[in-house]
Amino acid sequence: MATTDNSIDGRTEHCDSCGTDTIHQVSVQLVTESTKKENSQFSREPYRVTECQQCGSRESMRMNNA
C-alpha cells in the first residue's frame, strides 16, 4: 500500500527492483493508443507512471481498463 511521505518530491511505495519501500515520483500521463491519425484524439487513455528515485525503475499502469 502506498503512503504519503513528508517529502514534497514523491510518495513512499514498494519498488520491485530495489526490493524495499522507496520514494517514487508519481504522475498521470495521457497515452494515445490508436495508430489511426483521424481518430487518435478519441483514443487517449490515462496511465499512472511511477519512477523510483533510488534506482530509476519506471512502471506504468493503464488506469481505465474499460
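Not measured: the values here are computed from a predicted model. If you read the sequence from its start, that first residue is 1, and numbering goes on from there.
For Gln54, the CD atom sits in a loose shell: 12 or fewer heavy atoms of surrounding residues, nucleotides or ligands are nearer than 6.0 Å.
Applying the side chain to side chain donor-acceptor pair (under 3.5 Å) criterion to Glu33, with sequence neighbours excluded, gives Tyr47, Arg62. Residues that satisfy the side chain to side chain donor-acceptor pair (under 3.5 Å) test with Ser17, not counting sequence neighbours, are Ser57. Residues passing the side-chain contact (heavy atoms from CB on, under 4.5 Å) test with Thr20, sequence neighbours excluded: Cys18, Thr22.
Ion pair Glu13/Arg11 flagged as a salt bridge, since at least one NZ, NE, NH1 or NH2 atom sits closer than 4.0 Å to an Asp/Glu carboxylate oxygen.
With rounding to the nearest 0.5 Å, the separation of NE2 in His14 from SG in Cys52 is 10.0 Å. How far CD of Glu45 is from OG of Ser34: 11.0 Å, rounded to the nearest 0.5 Å. Here the CG-CE distance, from Leu30 to Met63, works out to 10.0 Å after rounding to the nearest 0.5 Å. Once rounded to the nearest 0.5 Å, the distance linking NZ of Lys37 with OG1 of Thr32 reads 10.5 Å.
With contacts defined as side-chain heavy-atom distances shorter than 4.5 Å, the pair Thr12/Ile23 qualifies.
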